[in-house]
Amino acid sequence: MVRLKWFTGWLLSAAILFAVSGSWACARTSPDTMVITAIDLQAENTGEATMISDGYGKSLLVDSGDNKNRSIFDWLDVNGYKKKEFDTLITHWHDDHAGNTAEIIRRYKVGTLYLPTLEYLDVDYPEYQGHYDYEKTVAQDVLKAAKECGTKLVYLEKGLTINVGEVTGEVLYCSDCPLKENWYAVQHVNTQSAAIMFEDRKSGSA
């Protein structure tokens, strides 16, 4: 069974795929239920943040919102993440998805960080000189924080399996370098966002 917690900030652009077998029933839940929580960042245009939990205490935070928005920290504190380890994942390097990740790593116990390659931030087309400078700054700070705190780094690639306790995720798509794809992928970082299918191994729901 999959239990969904709905908030106004339900993620649309992070390209995470969830399809539940049967109906979208939330009335009956059990301790072994996969819970997908779309975190309300309480403001428009401040990105996405979603917590996936397996019902046994294992959790994965997908994206972290814009660093101008502090709501993610309030949510993590209120929901007990000061005292328990969790993993985190960045779908792509736009600051409204990765902006708070470095601080989260420094403030909480993050075991593993799943992250996209940084290759597309070094696109050498003349038209894009300096185009990704801000994203590079965000990425560099995230890598620095991970090194400081001993967080394990796992780079996203197609076919990678992500384990969240009894929940598994399969990376269906993640651009390793837009130059291998097309000009549109170079121009629009959103098209490089990871697409991941998560499945609850206990119930068989995906």
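All heavy atoms count here, side chains included; hydrogens, waters and symmetry mates do not. Being a predicted model, the structure only gives us computed values, none of them experimental.
Judged by distance alone, the side chain of Asp200 and the main-chain N or O of Met34 form a donor-acceptor pair under 3.5 Å. The main-chain N or O of Leu41 is found under 3.5 Å from a side-chain atom of Asn69 such that the two form a donor-acceptor pair. Remark: side-chain polar atoms of Asn79 are paired, donor with acceptor, to backbone N or O of Trp75 under 3.5 angstrom. In this structure, Asn163 contributes its side chain and Gly165 its backbone to no donor-acceptor pair below 3.5 Å.
For the residue pair Thr161 / Thr168, no side-chain donor-acceptor distance below 3.5 Å is found, with atom types taken as modelled.
When all heavy atoms are compared, the tightest approach of Leu61 to Ile72 is CD1-CD1, 4.2 Å. Nearest heavy-atom pair, His92 versus Ser193, reported as atom, atom and distance to 0.1 Å: ND1-OG, 3.3 Å. Considering all non-hydrogen atoms of both residues, Ala98 and Ser64 come closest at C-OG, 3.5 Å. Among all heavy-atom pairs drawn from Pro116 and Thr91, the shortest one is CG-O, 3.8 Å.
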Quick one, Trp93 with Val142, criterion side-chain contact (heavy atoms from CB on, under 4.5 Å). Give me CA distance, side-chain angles, the key distance, then yes/no. CA-CA 10 Å; Trp93 285 112; Val142 168; 4.1 Å; yes
Test side-chain contact (heavy atoms from CB on, under 4.5 Å) on Ile162 and Asp87 and set out the steps. CA-CA 10 Å; Ile162 297 170; Asp87 296 334; over 6 Å; no
Go through the steps to decide whether Asp63 and Thr101 satisfy the test side-chain contact (heavy atoms from CB on, under 4.5 Å), and finish with yes or no. CA-CA 7 Å; Asp63 289 338; Thr101 303; over 6 Å; no
Would Phe86 and Lys109 count as a side-chain contact (heavy atoms from CB on, under 4.5 Å) here? Give the steps. CA-CA 7 Å; Phe86 58 96; Lys109 189 174 182 181; over 6 Å; no
List the steps and the verdict of side chain to side chain donor-acceptor pair (under 3.5 Å) for Ser59 and Tyr81. CA-CA 10 Å; Ser59 299; Tyr81 285 95; 3.2 Å; yes
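Rounding to the nearest 0.5 Å gives a distance of 5.0 Å between CG of Asp66 and CG of Asp95. Going from atom CG of Leu156 over to atom CD1 of Ile90 covers 9.0 Å, rounded to the nearest 0.5 Å. Distance check, rounded to the nearest 0.5 Å: CD of Glu170 to CD1 of Ile196 gives 10.5 Å. Rounded to the nearest 0.5 Å, atoms CZ (Phe198) and CG (Leu60) are 5.0 Å apart. The distance from atom CG of Leu113 to atom CD1 of Ile104, rounded to the nearest 0.5 Å, is 10.5 Å. Note: Leu89 CG to Thr112 OG1 = 11.0 Å, rounded to the nearest 0.5 Å.
Leu160 places a side-chain heavy atom less than 4.5 Å from the side chain of Tyr114. Counting heavy atoms from C-beta outward, Glu135 and His94 have side chains that approach closer than 4.5 Å. Within the 4.5 Å cutoff, side-chain heavy atoms of Arg107 are placed close to those of Phe73. With a 4.5 Å cut-off on side-chain heavy atoms, Asp77 and Tyr108 count as touching.
The local environment of NZ in Lys84 is crowded, with over 12 non-hydrogen atoms from other residues, nucleotides or ligands closer than 6.0 Å.
Looking at Arg70 and Glu103, a side-chain N of the basic residue comes within less than 4.0 Å of a carboxylate O on the acidic one, giving a salt bridge. At a threshold of 4.0 Å, the pair Arg106-Glu148 counts as salt-bridged, since one of the basic side-chain nitrogens sits closer than that to a carboxylate oxygen.
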